[in-house]
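What's counted below: heavy atoms across the whole structure, side chains too, no hydrogens, waters or symmetry copies. We name chains A, B, ... by the order of the sequence lines, and we start the count at 1 in each one.
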Number of protein chains: 2
Amino acid sequence: MTTEQMQGVESGKQAGGLGDAAYREMKERLIRGVYRPGHKMTVRAVAEELRVSSTPARDAINRLAADAALVYAGPKTVIVPILTEVDLKEITLIRIALEGLAAEQAAQHGESQDIDGLGEIQQKINAALDGKDYRAALWHNKEFHFRVYRMSRLPHLVTMIEGLWLRVGPSLYNLYPEFAEEKYGVRNHEMAMEALCERDGAALRAAFENDIRDGYRRLRRAARESGAVE
Amino acid sequence: MTTEQMQGVESGKQAGGLGDAAYREMKERLIRGVYRPGHKMTVRAVAEELRVSSTPARDAINRLAADAALVYAGPKTVIVPILTEVDLKEITLIRIALEGLAAEQAAQHGESQDIDGLGEIQQKINAALDGKDYRAALWHNKEFHFRVYRMSRLPHLVTMIEGLWLRVGPSLYNLYPEFAEEKYGVRNHEMAMEALCERDGAALRAAFENDIRDGYRRLRRAARESGAVE
DNA sequence: GTACTCATTTTGTTGCAACAAAAATGTGAA
DNA sequence: TTCACATTTTTGTTGCAACAAAATGAGTAC
């Protein structure tokens, strides 16, 4: 087999190395909201927390910065990004364009077996919401979205969308008590599942665009009330 | 001044270091088509070419891989990506979504001083085309597009679009003699300038979408004839 | 109290050597 | 000739020490 033939589509580094493990661990912590926006990331601190030497820690920070999951706040400082309202608005515009495209394509290429799992995920969201486990609700909400996006059979697109969620994640997960109000997104998700069954690309796109816009409004309001964005 | 306040929007690493210089040099070479698609990138080879040690060379390769400007072709091999027809089609879909959005927003936020330069750039494109300097034509074409995209005042979006161009670049620039036929894109660019003067977002979006689709068809045809994609 | 200077500490960067894993190459048998 | 296997070479990874640049904080003059 030539090297050309096995060229994968994943942008992530092949698994196995310490640097890769550090990258994924930090990414997970970022999404889960372990670090507050504005938190300063230093090579040595990451190295110590993850019990690795400076090289893999540095690799992880560099990759996160390349993903815009960390941002440069000075010549020698990287921090967890603090989303401004302007940033949030821009990212929402991009999300609507990209996730709308993914949804529309999903309606065309999704197979029934892909669709089946969606109902279960929605039940998990509802259950989590009822139990006031907002963190779980947000997690399953993410599952719901990406289950659909992957149906588009456009892997580059899914990777780019993941990057966008990664940027919003830290701010979002620190806001979840206020953010995940009663029955967030349930209605949009129901409409999405209907549209998907009918293979109606335009309707599916509309459902997701609505969901994103709803989420944006709630997030902005919650952020303003808590002062988490500027 | 707090570090939070000077948080920039650029995803690129702050300039100055050797690793950053290596990254930019390799990026430039990639876009210019110095390396053929499929070319294997090794840390030591890059280090020697750029006269740096392995650390900055490794940094550069990692960042390029994070940009998807290089891809992993095995556990220990990164290569210049070989665009498949499927990849090209997907990236074109994404480009239409993102560059269409940028164009539409540019119509709203572009100021007259931004618009003025476009005519000059178009003249450069025409001159290069007349002189059969296809490389220059492609370069000025890129200038034209990004001049408009930057008018959108959506810096994250522009960065993402740059990433897409970077992926297509190596394949594109190796095809330019066949690709840049007579008067490529001139008509679409004229329509774009008209739409921009009239602040007609929908028309500007349409002009750019057409331009991207035209380019896609030409590139696909040229690629099929030369066998540069699979 | 404020602003400025300078020493100290923190922090990212770089180069390099040792290591492990994968690829390439050579060898021998069928 | 072809295939399997062992050997050699190539190559990415890691840890670390030395270095330079930036952030920090104390002290001082105004």
Side-chain angles (χ1 to χ4, degrees), chain A residues 1-8 10-26 35 38-82, chain B residues 1-8 10-26 35 38-67 69-81:
Chain A
M1 180 188 285
T2 67
T3 54
E4 285 78 12
Q5 283 170 323
M6 59 185 300
Q7 172 193 170
E10 302 299 329
S11 74
K13 187 181 294 189
Q14 226 80 7
L18 255 182
D20 188 59
Y23 167 71
R24 278 184 312 210
E25 173 62 25
M26 292 305 293
Y35 305 105
H39 181 90
K40 191 169 161 186
M41 284 292 175
T42 69
V43 172
R44 285 169 176 84
V46 171
E48 192 172 359
E49 277 190 64
L50 270 50
R51 309 299 182 101
V52 294
S53 82
S54 63
T55 309
R58 190 168 173 272
D59 280 357
I61 291 177
N62 280 339
R63 288 181 64 188
L64 258 357
D67 293 341
L70 295 176
V71 299
Y72 285 83
K76 294 179 90 150
T77 6
V78 290
I79 63 173
V80 179
I82 304 169
Chain B
M1 179 186 288
T2 66
T3 53
E4 287 78 13
Q5 285 171 322
M6 60 184 301
Q7 172 192 168
E10 302 300 330
S11 74
K13 187 181 292 189
Q14 226 79 8
L18 256 183
D20 187 60
Y23 167 72
R24 278 184 311 212
E25 174 62 26
M26 292 305 294
Y35 305 105
H39 180 91
K40 191 170 161 185
M41 284 291 175
T42 69
V43 172
R44 286 170 175 82
V46 171
E48 193 172 359
E49 278 191 63
L50 270 51
R51 309 301 181 100
V52 294
S53 84
S54 64
T55 309
R58 189 167 173 273
D59 280 356
I61 290 177
N62 279 340
R63 287 181 64 187
L64 258 357
D67 293 341
L70 294 175
V71 300
Y72 285 83
K76 293 179 89 153
T77 5
V78 290
I79 64 173
V80 179

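Contact between A:L18 and A:V52 at its shortest, heavy atoms only, is CD2-CG1, 3.6 Å. The shortest non-hydrogen separation linking B:T55 to A:R58 is CG2-NH1, 4.1 Å.
Rounded to whole angstrom, the span from the CD1 atom of A:I79 across to the C1' atom of D:dA23 amounts to 15 Å. One interatomic measurement links the two molecules: CG of A:D59 to C1' of D:dG15, which rounds to 12 Å at whole-angstrom precision. For the pair B:Y23 OH and C:dT13 C1', the computed distance is 18 Å after rounding to whole Å. Following rounding to the nearest Å, A:L50 (CG) and D:dG15 (P) show an atom-to-atom distance of 11 Å. Nucleotide D:dG15 holds its P atom 14 Å from the CD atom of A:E48, rounded to whole Å.
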Using nucleotides 10-12 of chain D, report all nitrogen or oxygen pairs with the protein that are shorter than 3.5 Å.
residue, atom, partner, partner atom, Å
D:dT11, O2, B:K76, NZ, 3.1
D:dG12, OP1, B:M41, O, 3.4
D:dG12, OP1, B:V43, N, 3.4
D:dG12, OP2, B:V43, N, 2.8
D:dG12, N7, B:R44, NH1, 2.8
D:dG12, O6, B:R44, NH2, 3.0

Between A:R24 and A:D20, does the salt bridge (Lys or Arg N to Asp or Glu O under 4.0 Å) criterion hold? Intermediate values first, please.
CA-CA 6 Å; A:R24 278 184 312 210; A:D20 188 59; 3.3 Å; yes
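Qualifying side chain to side chain contact (heavy atoms under 4.5 Å, CB included) partners for A:A22, counting only residues two or more places apart in sequence or in other chains: A:L50, A:A60. The side chain to side chain contact (heavy atoms under 4.5 Å, CB included) check on B:E48 picks up nothing, with sequence neighbours excluded.
Taking 4.5 Å as the limit, every side-chain heavy atom of B:Y35 sits out of range of all side-chain heavy atoms of B:L70.
A donor-acceptor contact under 3.5 Å is formed by the side chain of A:T55 with the base of D:dG15.
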